[in-house]
Amino acid sequence: MVSQKGLIGCLLLVVVALWKGATAETYKVGDDLGWTIPPAGSVAYSTWANAKRFQIGDTIEFKWSGEHRVAEVTQADYDSCSKDNPLGFYDSSPTRIVLTSNLTRYFICTEDSHCSRLGQKVTIRIGGDYSSSGDNDDDDHWWEWNGASSLSINIVAVILCTALVISFLSFN
Ligand SMILES: *[C@@H]1O[C@H](CO)[C@@H](O)[C@H](O)[C@H]1NC(C)=O
Ligand SMILES: [Cu+2]
């Protein structure tokens, strides 16, 4: 006999799983640091980015005060901090950018030598293999074990719950 509590718990699980699967995240670049001259060079932004799991549909938000800008550039221009041929240019804070593909994106600040000498630049890797990107415990959830896609977890949850509902109804 299936208890009513078990049934309710099961339905809650489905709601949580569906909600999680449908939720896109917004990431504030640099977290509390924001978009500014990093205290010890670009490592602040690479550390920040490496700890995230950017996915298609997520948004990154550049937020700053004072004299900063955001330019999206090619990888070559990123490496050389060249601001002459930006793919995108944003001069008001906050700037939000939606990640629409798995292609890596490169952003620099175009003010003075903020990129070239002070390291105000960030690389955003989307999708991809996160096995070497450090501690991601924050984003590991028990309903996404072993990296199984949330879609397949949702399907399993729905099937289990349907079976529970059917047995609940037939025993009552
Ligand atoms: C993006 O990367 C993720 C993770 O590797 C993958 O599951 C997904 O299919 C990719 N999407 C596209 C459109 O390539
Ligand atoms: Cu700047």
Side-chain angles (χ1 to χ4, degrees), residues 17-75 77-157:
L18 291 176
W19 174 80
K20 174 63 190 173
T23 303
E25 311 256 358
T26 296
Y27 296 98
K28 184 183 170 200
V29 174
D31 289 329
D32 289 343
L33 180 64
W35 184 236
T36 188
I37 294 169
S42 61
V43 66
Y45 289 117
S46 55
T47 303
W48 171 82
N50 286 342
K52 303 288 183 270
R53 299 180 171 197
F54 302 107
Q55 304 287 347
I56 291 174
D58 289 345
T59 299
I60 55 172
E61 179 183 75
F62 291 87
K63 219 170 173 181
W64 69 88
S65 56
E67 295 300 307
H68 301 288
R69 306 283 186 270
V70 177
E72 178 165 9
V73 295
T74 62
Q75 182 174 13
D77 285 352
Y78 178 87
D79 290 340
S80 62
C81 286
S82 165
K83 39 192 153 182
D84 296 337
N85 296 293
L87 307 171
F89 179 73
Y90 312 91
D91 62 0
S92 77
S93 170
T95 284
R96 295 190 187 90
I97 292 169
V98 180
L99 307 175
T100 54
S101 82
N102 280 340
L103 296 178
T104 300
R105 301 177 71 165
Y106 303 90
F107 299 92
I108 65 174
C109 179
T110 59
E111 285 294 298
D112 302 329
S113 54
H114 290 194
C115 178
S116 56
R117 287 204 296 121
L118 301 166
Q120 191 179 358
K121 58 196 311 201
V122 65
T123 302
I124 306 291
R125 293 190 177 79
I126 304 140
D129 174 15
Y130 298 98
S131 55
S132 62
S133 62
D135 184 3
N136 279 307
D137 284 350
D138 282 356
D139 287 330
D140 285 334
H141 299 297
W142 49 267
W143 62 86
E144 293 172 332
W145 67 91
N146 289 338
S149 80
S150 47
L151 179 63
S152 60
I153 301 292
N154 287 348
I155 289 170
V156 169

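In listed order, ligands and their atoms are each counted from 1.
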Atom pairs and distances, side-chain donor-acceptor, residues 79-91, under 3.5 Å, sequence neighbours left out:
residue	atom	partner	partner atom	Å
S80	OG	A76	O	3.1
K83	NZ	T110	O	2.8
K83	NZ	D112	O	2.8

(message) Does the plane of the ring in F54 sit parallel, tilted or perpendicular to the ring in Y27? Use 30° and 60° as the thresholds.
(response) perpendicular
(request) Check each of N102, L103, T100, I126 against atom 1 (C) of ligand 1 and report the one with the nearest heavy atom. (result) N102
(message) Could you work out, with salt bridge (charged side-chain N to carboxylate O under 4.0 Å, His left out) as the rule, every residue matching D31, not counting sequence neighbours?
(response) K52
(message) Between E61 and R96, does any NZ, NE, NH1 or NH2 come within less than 4.0 Å of an OD or OE carboxylate oxygen?
(response) yes
(message) Keeping to distances under 2.8 Å, can you name the protein N/O/S atoms close to the Cu ion (ligand 2)?
(response) H68 ND1, C109 SG, H114 ND1, Q120 OE1
(message) Just to verify, which of C109, S113, S42 counts as forming a side-chain contact (heavy atoms from CB on, under 4.5 Å) with Q120?
(response) C109
(message) Run the side chain to side chain contact (heavy atoms under 4.5 Å, CB included) test against T104 and tell me which residues pass, sequence neighbours left out.
(response) Y106, T123, R125
